[in-house]
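Order of the sequence lines sets the chain letters (A, B, ...), proteins ahead of strands, with each chain counted from 1.
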2 protein chains.
Amino acid sequence: MSVFAHHTHDFAANPDAALQAADAHFQKTGVRFTPLRRRVFEIILRAGKPIGAYDILERLRDHGKIAAPISVYRVLDFLIEQRFVHRLATINAYMACVTPEDPHAAQFLICQCCGSVTEISDPIIDKAIAEGAKTAHFQVSYPLVEIMGVCADCVREGKTPASGCAPDHDD
Amino acid sequence: MSVFAHHTHDFAANPDAALQAADAHFQKTGVRFTPLRRRVFEIILRAGKPIGAYDILERLRDHGKIAAPISVYRVLDFLIEQRFVHRLATINAYMACVTPEDPHAAQFLICQCCGSVTEISDPIIDKAIAEGAKTAHFQVSYPLVEIMGVCADCVREGKTPASGCAPDHDD
DNA sequence: GTAAGGTCGCTACACTATAACAAAATCGCC
DNA sequence: GGCGATTTTGTTATAGTGTAGCGACCTTAC
Ligand SMILES: [Zn+2]
Ligand SMILES: [Zn+2]
Ligand SMILES: [Zn+2]
Ligand SMILES: [Zn+2]
């Protein structure tokens, strides 16, 4: 297990548990968690890292389902609305929220080398943004924070974004 | 003049001054500020708010220039690289930097009602992100902060994103 | 059962961005 | 000024991302 298992309930790391939790949640709230919505959520969970809308579409088709892009986007809108999925604007991809039951402002650490993304929820960043916005008399509805860079693993391997993320040669 | 003229040197508010500053800068550095690049930068400046790549293309054509999308994107890459332009990932648009001479991490306040965008450079937000990333042993290359919400002007008019940004009726 | 509302399928389309290669302009050097 | 190397731009084609509009179907409420 990595030193950087950053969350105690990392649903994304346990697709089955996450699906069951979602089942329970929608059962409780009465919101309809249809087979299609469940299937798309499962695909996102099992991807293990951010996945594009058209990749989701492809995997739907792998399972015999004939679908058009719009179907995927509609489900994505639903899952985002329900806070089970986050959208990453920088890389046009979608990933499962690690703590969907807990409303939160999230920040994302996006590795430009390996494509991994870590969701964090740092109250200090959150507060700083709230304060900054307040100063400008700006009413925040959604604070998007996507931090591009190199993840701990890739740093350890000496990779850099400049060199196309190949390990650095110091010659 | 608005109460929210947020910057002392808001180049975007003075296209001519900004262009002259750019001329001087590129003269000094020896980097080539070609007519096309200058023209695109001028279009972005005169737009007064974020503008899409294809809108830039259209305005180029208005001035008799025949151009393909790729030309615009190449120039945009250049201007971003030179830090004279920022890209807004959330809305796929580009805007002039308010303080291009001063390297900075920027944050953007994007109004979902009127489409206006304000660039701020809040050291507290910046520091909070740096600290948060450090905790995760993540090496930051570019911290993207795009805060969606309602600007001061629109708040004053009672607009909300929920109602499609029409003024709120309380009936 | 029937009407209403929500979900999904289907076709087509709009918008955003890039690849590959050729032509032209610029620069450095002699 | 000629000339090769480099950079910039043009040209054509294509990839990638996201929506509109409408009708069928399915679920829910009465
Ligand atoms: Zn989350
Ligand atoms: Zn990495
Ligand atoms: Zn700036
Ligand atoms: Zn506004």
Nearest whole angstrom, please: distance from the [atom2] of [N] to the [atom1] of [X].
{"X": "B/Leu36", "N": "C/dA24", "atom1": "CG", "atom2": "C1'", "value": "13 Å"}
{"X": "A/Phe78", "N": "C/dT7", "atom1": "CZ", "atom2": "C1'", "value": "11 Å"}
{"X": "B/Phe33", "N": "D/dT9", "atom1": "CZ", "atom2": "P", "value": "11 Å"}
{"X": "A/Leu76", "N": "C/dC8", "atom1": "CG", "atom2": "P", "value": "12 Å"}
{"X": "B/Asn92", "N": "D/dT19", "atom1": "CG", "atom2": "C1'", "value": "14 Å"}
{"X": "B/Asp77", "N": "D/dT9", "atom1": "CG", "atom2": "C1'", "value": "14 Å"}
{"X": "B/Tyr73", "N": "D/dG10", "atom1": "OH", "atom2": "C1'", "value": "17 Å"}
{"X": "A/Arg39", "N": "C/dC8", "atom1": "CZ", "atom2": "C1'", "value": "17 Å"}

What pairs with [X] under side chain to side chain contact (heavy atoms under 4.5 Å, CB included), at least two apart in sequence or on another chain?
{"X": "A/Thr160", "value": "A/Ala162, A/Ser163, A/Asp168"}
{"X": "A/Arg83", "value": "A/Pro103"}
{"X": "B/Ala106", "value": "B/His86, B/His104, B/Phe108, B/Glu119"}
{"X": "B/Pro123", "value": "none"}

*Base, sugar-phosphate, or nothing: which does A/Tyr94 touch, judged by heavy atoms less than 4.0 Å apart?*
sugar-phosphate
*Just wondering, do B/Ile125 and A/Val145 contact through their side chains at under 4.5 Å, heavy atoms?*
no
_Terminal axes of the helix from C/dG1-D/dC30 to C/dC30-D/dG1 (five pairs each): angle between them, nearest 10 degrees_ = 30°
*What residues, two or more places apart in sequence or in another chain, satisfy salt bridge (Lys or Arg N to Asp or Glu O under 4.0 Å) together with A/Glu131?*
none
When you measure from the side-chain N and O atoms of [X] to the phosphate of [N], is any distance below 4.0 Å, counting only OP1 and OP2?
{"X": "B/Thr34", "N": "D/dT8", "answer": "no"}
{"X": "A/Arg87", "N": "D/dG18", "answer": "yes"}
{"X": "A/Lys65", "N": "C/dG9", "answer": "yes"}
{"X": "B/Ser71", "N": "D/dT9", "answer": "no"}

*Counting heavy atoms not belonging to B/Leu19, are there more than 12 under 6.0 Å from its CG?*
yes
Pairs of donor and acceptor atoms involving the side chains of residues 89-96 of chain B, under 3.5 Å and at least two apart or interchain, shall be tabulated with distances.
unit_1  : atom_1 : unit_2   : atom_2 : d
B/Thr90 : OG1    : B/Glu146 : OE1    : 2.2
B/Tyr94 : OH     : B/Arg87  : NH1    : 3.1

*Can you list the residues that meet the side-chain hydrogen bond (donor to acceptor under 3.5 Å, both in side chains) rule with A/Arg37, with sequence neighbours excluded?*
none
_Taking transitive links into account, so neighbours of neighbours count too, which hydrophobic residues share a cluster with B/Val150 at under 4.5 Å side-chain distance?_
B/Val155
*Within residues 52-62 of chain B, find the residues that approach DNA chain C with a heavy atom at under 4.0 Å, and present them sorted by residue number.*
B/Tyr54
*How would you list, by chain and number, every residue that makes a ring pair (Phe, Tyr, Trp, His ring centres under 6.0 Å) with A/Phe26, sequence neighbours excluded?*
A/Phe33, A/Phe78, A/Phe84
*Do nucleotides 21-30 of chain D as a string where each nucleotide becomes B, S or -: B if the base has a protein heavy atom under 4.0 Å, S if just the sugar-phosphate does, - if no protein is that close.*
------S---
*How do A/Pro69 and B/Ala68 order along DNA chain D: which one's closest nucleotide is nearer the 5' end?*
B/Ala68
*Do B/Asp153 and B/Arg156 pass the salt bridge (charged side-chain N to carboxylate O under 4.0 Å, His left out) test, and can you show the C-alpha distance, the side-chain angles, and the key distance before you say yes or no?*
CA-CA 5 Å; B/Asp153 292 343; B/Arg156 204 175 309 118; 3.5 Å; yes
